[in-house]
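Please read the structure below before turning to the comments.
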Amino acid sequence: MSVLVTGGTGYIGSHTCVDFIEKGQDIVILDNLCNSKIEVLDYIEQITGIRPKFYQCDLLDKEGMKKIFDENDIDTVIHFAGLKAVGESVAKPIEYYKNNITGTLNLIEEMRDHNCFKLVFSSSATVYGKPKSVPIKEDFPLSTTNPYGTTKLYIEQILKDLCVADDRFSVVLLRYFNPIGAHSSGLIGDNPNGIPNNLMPYVTRVAKGVLPHLNVFGNDYETADGTGVRDFIHVLDLAAGHYAALKALSNPGVSIYNLGTGNGVSVLDIINTFERVTGIKIPYQIAPRRPGDIAECFADASKAEFELGWKATRGLDEMCASAWNFESKHS
Ligand code: NAD
Ligand code: WQD
């Protein structure tokens with residue numbers, strides 16, 4: 001039996017593929033390469049010694065997806081594929097709703113038609129909107145502030161409705177906090193096109209001299225040092241969370257888990273840690289708050305630990321060092 005990994009050449013998907021292959025799991029990758037490169041397959045092979053079967057296929061291509069299910073014995077899908085840029089989603093809501101929601105509908109329809117009923121979905125802490133308090137638990141109220149987040153919320157609801165209607169389905173919703181870092185080989189990592197939106201890729205490009213300085217978006221939040229606080233988690237810990245989540249797929253219905261460390265870390269903490277572990281100075285300027293940002297967002301990650309036996313183990317030093325190792329080896 002194989003696991004189909006949609007979005008498997010992307011940032012989190014590629015690390016998860018490596019983790020699954022190293023654990024002996026047979027995988028098949030589907031990706032349309034709209035935000036990743038075909039070379040990632042070479043890198044996965046260099047790291048693991050195994051080249052996974054790959055289909056360049058779009059979630060919107062029903063025939064292409066049918067072929068993948070026809071040609072492989074797939075019993076589980078890990079569904080990463082989707083567009084993820086918050087700002088772009090505000091400018092292009094139609095593209096985001098179509099790609100993420102129609103794409104997921106196509107996928108689950110194909111799964112049902114091929115008797116494949118186990119699904120792990122990449123959700124996001126963004127579905128908690130502006131949380132009433134931290135740490136955030138899975139049963140907190142849900143809301144969103146941008147079309148990207150709304151696609152995650154709608155897909156969660158679609159998958160809940162699916163499980164009510166068809167008790168053969170078992171779905172795990174994983175709400176990721178802020179994945180950063182890279183595999184220790186430096187071969188795979190976060191490599192956004194253009195000017196990065198997220199903090200860590202921006203920091204690594206400042207470190208490389210590609211960007212002149214970092215803008216710190218606000219230092220007047222009600223946090224210890226005034227800058228935003230997030231739950232940064234090493235992407236390899238996040239990857240391992242998917243393997244742990246397979247366990248919950250023996251339960252019928254929907255299970256929901258936060259994947260975070262449970263620790264709040266500020267923007268200045270990131271800068272200071274990055275400078276200490278790499279020895280590279282990060283010039284920064286305090287800039288106005290970024291619209292839509294919240295002061296603090298970190299997980300209560302105890303449910304995943306208790307029910308899945310999963311816990312993040314890698315610290316901030318390793319996150320910063322591995323992110324820089326990746327950036328320094330890539331153009
Ligand atoms: P990524 O862009 O690196 O990977 C997504 C992959 O999906 C890319 O390789 C892209 O080519 C592919 N893809 C997109 N649309 C597709 C389509 N229609 N058909 C086939 N392939 C398609 O992103 P990532 O950071 O690895 O994120 C993976 C998932 O996790 C996404 O669903 C994202 O929304 C979610 N997520 C990411 C973060 C984060 O901070 N990176 C946080 C929370 C949730
Ligand atoms: C982190 C902190 C910024 C850039 C986003 C999405 C979320 C999820 C993860 C997918 C904040 C500050 C950032 C910069 C800065 N993705 N910052 N200067 O906003 O927590 O979450 O990615 O689901 O949906 O919204 O992550 O890395 O953008 O920001 O000061 O140049 O760094 O203000 O406090 P965020 P981020």
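For the numbers below, each heavy atom of this structure counts, side chains included, while hydrogens, waters and symmetry mates do not. Numbering of ligands and ligand atoms starts at 1, following listing order.
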Original post:
Does Y176, backbone or side chain, put an N or O under 3.5 Å from an N or O of ligand 1?
Top reply: no
Original post:
I158 pairs by side chain to side chain contact (heavy atoms under 4.5 Å, CB included) with which of T104, V171, I101?
Top reply: I101
Original post:
Do S2 and D73 get their side chains close enough for a donor-acceptor pair, meaning under 3.5 Å?
Top reply: no
N/O contact list for ligand 2, threshold under 3.5 Å:
from	atom 1	to	atom 2	distance (Å)
ligand 2	18 (N)	N215	O	2.7
ligand 2	19 (O)	R290	NH2	2.8
ligand 2	20 (O)	N178	ND2	3.0
ligand 2	20 (O)	R230	NE	2.5
ligand 2	22 (O)	N198	ND2	3.1
ligand 2	23 (O)	S124	OG	2.7
ligand 2	23 (O)	Y148	OH	2.6
ligand 2	26 (O)	N178	ND2	3.1
ligand 2	27 (O)	N198	ND2	3.3
ligand 2	27 (O)	L199	N	2.8
ligand 2	28 (O)	N198	ND2	3.1
ligand 2	28 (O)	R290	NH1	3.3
ligand 2	28 (O)	R290	NH2	2.9
ligand 2	29 (O)	R290	NH2	3.4
ligand 2	30 (O)	N215	O	3.3
ligand 2	30 (O)	F217	N	2.9
ligand 2	33 (O)	D293	OD2	2.5

**OP:** List every atom of ligand 1 that sits less than 4.0 Å from any heavy atom of S123, numbering the atoms from 1 in the order shown and giving each element.
**Re:** 43 (C), 44 (C)
Subject >> Exam field: side chain R205 to backbone I195, donor-acceptor pair closer than 3.5 Å >> reply: no
Original post:
When you look for heavy atoms under 4.0 Å from ligand 1, do you find them on the side chain of A125, its backbone, both, or neither?
Top reply: neither
Subject >> S36 (side chain) donor-acceptor with L33 (main chain) under 3.5 angstrom >> reply: no
Original post:
Are any of the heavy atoms in K152 under 4.0 Å away from ligand 1?
Top reply: yes
**OP:** Using heavy-atom distances, let me know which of P179, G82, S122 sits nearest atom 5 (C) of ligand 1.
**Re:** G82
**OP:** Look at ligand 1 and say whether N178 reaches it with a heavy atom at a distance under 4.0 Å.
**Re:** no
Subject >> C34 touching ligand 1 at heavy-atom level, < 4.0 angstrom >> reply: yes
**OP:** List the steps and the verdict of side-chain hydrogen bond (donor to acceptor under 3.5 Å, both in side chains) for Y243 and Q25.
**Re:** CA-CA 9 Å; Y243 197 80; Q25 175 61 55; 5.3 Å; no
**OP:** May I ask you to check whether N198 has an N/O atom sitting below 3.5 Å from an N/O atom of ligand 1?
**Re:** no
**OP:** Under 4.0 Å, heavy atoms only, figure out whether ligand 1 is touched by the backbone of N99, its side chain, both or neither.
**Re:** side chain
**OP:** Ignoring hydrogens and angles, tell me if any N or O in the side chain of D269 forms a donor-acceptor pair with the backbone of S266 under 3.5 Å.
**Re:** yes
Subject >> Donor-acceptor contact below 3.5 Å, side chain T6 vs main chain A81 >> reply: yes
Original post:
With distance as the sole criterion, is a donor-acceptor pair present between the side chains of N258 and Y128 under 3.5 Å?
Top reply: yes
Subject >> L59, any N or O under 3.5 Å of ligand 1 N or O >> reply: yes
Subject >> Parallel, tilted or perpendicular: ring planes of Y43 versus H330, cut at 30 and 60 degrees >> reply: perpendicular
**OP:** Under 4.0 Å, heavy atoms only, figure out whether ligand 1 is touched by the backbone of L33, its side chain, both or neither.
**Re:** backbone
Subject >> Within residues 137-175 or reaching into it, pairs that qualify as ring-ring contact (aromatic ring centres under 6.0 Å, His included) - sequence neighbours excluded >> reply: F117-F169
Subject >> Given S328, S322, C320, the one that forms side chain to side chain contact (heavy atoms under 4.5 Å, CB included) with W324 >> reply: S328
